[in-house]
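Shown next, in C-alpha cells, is the structure this report addresses.
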Amino acid sequence: MSENTSKFKAGFVNIIGNPNTGKSTFLNRMLDYDLAITTPKAQTTRHRILGIVNGPDYQIVFSDTPGIIRPAYKMQELMMEKVREALEDADILLLMTTPDDDELRDESLLEALQKTEKPLLVLINKIDLTKQEILEQRIDRWKQQLPKAEIYPVSALHGFGLDEVKKRIIELLPESPPYFEADQITDRSERFLVSEKIREKILQFYKQEIPYAVEVRVEAFKETDDLIRIRAEIFVERNSQKGILIGRGGQALKRVGQAARKDLEKLFGKKVFLELFVKVRKNWRKDEGWLRRFGYKQ
Ligand SMILES: Nc1nc2c(ncn2[C@@H]2O[C@H](COP(=O)(O)OP(=O)(O)OP(=O)(O)O)[C@@H](O)[C@H]2O)c(=O)[nH]1
Ligand SMILES: [Mg+2]
C-alpha cells in the first residue's frame, strides 16, 4: 500500500444526548442530506442510524441514537441499549445538549462519560434561542461535570459553529482505512428510510400518544426507470387508534401519504406511488416477538 493510504483517517463518531436536543438535525447537516427524521417531539429517533461523511483523506461514520430517557416499556429499554452500545463502540463521543438542558436523564451515562478515555465533544445546540449569559452558565456547568470535554456552542438548524466542530472531529479521527465504500451514505435500507419518513409525518400530524403507538413497515418497494411503487403498513396498538389515524373518510391518513410522498420524491429524485394500510397489533411496544419483527431486537 502507498504511504497515502496509511495516512487515511476514519472512525466512529457517536452522537448521544437527551431527547429533542437536535442530534438528528446535526447529523443531517453534517451529511448535507435529510437522512434522519427530525421533529419537535421527543423520542423521534428510535433506532441507531449511521450517516457516513467522506472527504479526500478521511471518513467520518456518525451514529445517530435515540434520546436518553428512563425506559417505561420494553421498546424504550431496547432504545436505551442502543445508546449504551454507542458509548462503547465510539472513537469519538459527541454529547448533544441545549441551553435549557443541563443534566443527562441517566446518571450512569454521565458517570460513563466522566470516566471515558475517548475524546468527548459537548455541543450546546440551539444557541439561536438563548442569551449569552445563560450560555456562559451552561458552559461552566459542563466544564464542571465533564472537565475533559471540549465544549462547542452551535446551532445545528442554522448551521452556526458546525465547520469548527467538523474540523475538530477530522483532527481527532484515528488513522485507519475507510470502513465503507465512498458512495455509501448510510447502513440503512431505502425501505427503512421510507418507513421513517412516514413516521415523521405521523409525529407531525397527530397529537399525544398516537405517534408513540405507531410502527411503520414497508412491505413492497419496487423501482422502475421513472417510478418507485411503495406499499407500507402502519401498526397501532388499539382499534381506537386505527380510527384516529385514518380519520373521517380517510382524510387524515391521506394527508400523511401525500406529505410523505412529496418528501420521498425529493429524497429519491423520482416519482413515488405510495399506498398505506393501517393494522392493529395489540400492545406491540411491550411484546418481544413484535419488537424483534420490527427490528428493535436481534
Ligand atoms: N431553534 C433551533 N431549533 C433546532 C436546532 N437544532 C434542532 N432544532 C429543532 O429541534 C427539534 C428536535 O430536533 P431533532 O434533531 O429531531 O432532535 P433529536 O435530538 O434527534 O431528538 P430525538 O430523536 O427525539 O432524541 C426539531 O424541531 C429541530 O428543528 C437549532 O439549532 N435551533
Ligand atoms: Mg433524533
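These numbers were taken from a predicted model, which means no experiment stands behind them. Computed from heavy atoms alone, side chains included, the values below leave out hydrogens, waters and symmetry copies. Note that ligands are numbered from 1 as they come in the structure, with each ligand's atoms numbered from 1 the same way.
In this structure, Arg29 fails the cation-pi test against Phe26, since its NZ or CZ atom is not both closer than 6.0 Å to the six-membered ring centre and inside 45 degrees of the ring normal.
A donor atom on one side chain and an acceptor atom on the other are found under 3.5 Å apart for Gln132 and Glu136. Under 3.5 Å, the side chains of Ser155 and Asp128 contain a donor-acceptor pair of N or O atoms. Side-chain contact, Asn125 with Thr98: no donor N or O sits under 3.5 Å from an acceptor N or O.
The local environment of CG in Asp89 is crowded, with over 12 non-hydrogen atoms from other residues, nucleotides or ligands closer than 6.0 Å. Applying the 6.0 Å contact sphere to CD of Glu164 captures no more than 12 heavy atoms from other residues, nucleotides or ligands. Within a 6.0 Å sphere centred on NZ of Lys286, heavy atoms belonging to other residues, nucleotides or ligands number 12 at most. By the neighbour-count criterion of 12 heavy atoms within 6.0 Å, atom CZ of Phe277 is densely surrounded, having more than that number from other residues, nucleotides or ligands.
Side-chain contact between Leu113 and Leu93 is present, with heavy atoms from C-beta onward closer than 4.5 Å. Looking at heavy atoms from C-beta onward, Val53 lies in side-chain contact with Lys166 at the 4.5 angstrom threshold.
The distance from ligand 1 to the heavy atoms of Lys41 drops below 4.0 Å at these ligand atoms: 24 (O). Near Ser155, meaning under 4.0 Å from one of its heavy atoms, ligand 1 places the atoms 30 (C), 31 (O), 32 (N). Of all atoms in ligand 1, numbered sequentially from 1 with element shown, those under 4.0 Å from a heavy atom of Gly67 are 25 (O). The distance from ligand 1 to the heavy atoms of Pro19 drops below 4.0 Å at these ligand atoms: 25 (O). Residue Gln43 has at least one heavy-atom neighbour below 4.0 Å for each of these atoms of ligand 1: 24 (O). If you number the atoms of ligand 1 from 1 as listed, the ones under 4.0 Å from a heavy atom of Ala42 come out as 24 (O). Atoms of ligand 1 found under 4.0 Å from any heavy atom of Leu129 (numbered from 1 in listed order, with element): 1 (N).
Nearest to atom 11 (C) of ligand 1 by heavy-atom distance, out of Asn20, Thr130, Leu27, is Asn20. The closest non-hydrogen atom to atom 7 (C) of ligand 1, taken over Leu123, Ile16, Thr25, Ile15, comes from Thr25.
Only one option out of Arg46, Arg199, Arg281 pairs with Glu215 in a salt bridge (charged side-chain N to carboxylate O under 4.0 Å, His left out); it is Arg46.
With a cut-off of 2.8 Å, the Mg ion (ligand 2) has an N, O or S atom of Ser24 in range. At a cut-off of 2.8 Å, Asn20 is not counted among the residues with an N, O or S atom near the Mg ion (ligand 2).
The nearest heavy-atom contact from the protein to atom 2 (C) of ligand 1 is Asp128 OD2, 3.5 Å. For atom 17 (O) of ligand 1, the nearest protein heavy atom (residue, atom name, distance) is Gly22 N, 3.1 Å. Remark: minimum distance from atom 25 (O) of ligand 1 to any protein heavy atom is reached at Lys23 NZ, 2.8 Å. The nearest heavy-atom contact from the protein to atom 10 (O) of ligand 1 is Lys126 NZ, 3.0 Å. Nearest protein heavy-atom contact of atom 26 (C) of ligand 1 is Thr39 O, 3.6 Å.
Residues Phe294 and Phe235 place their aromatic rings such that the two centres sit under 6.0 Å apart. Note: Tyr206 and Tyr212 fail the aromatic proximity criterion, with ring centroids not under 6.0 Å apart.
In Asn125, the part holding a heavy atom less than 4.0 Å from any atom of ligand 1 is the side chain. Using a 4.0 Å cut-off between heavy atoms, Met96 makes no contact with ligand 1 at all. When heavy-atom distances to ligand 1 are checked against a 4.0 Å cut-off, Thr44 comes that close through both its backbone and its side chain.
Considering backbone and side-chain N/O atoms, Asp64 never comes within less than 3.5 Å of an N/O atom of ligand 1. For ligand 1, the polar-atom distance check finds an N/O of Leu157 within less than 3.5 Å of one of the ligand's N/O atoms. Considering both main-chain and side-chain atoms, Thr38 never comes within under 3.5 Å of ligand 1 through any nitrogen or oxygen pair. The N/O atoms of His158, backbone and side chain alike, include none that comes under 3.5 Å of an N/O atom in ligand 1. Between Val154 and ligand 1, no N or O atom pair is found at a separation short of 3.5 Å.
Of the charged side-chain nitrogens involved, none lies within less than 4.0 Å of a carboxylate oxygen, so that Asp34 and Lys266 do not count as a salt-bridged pair.
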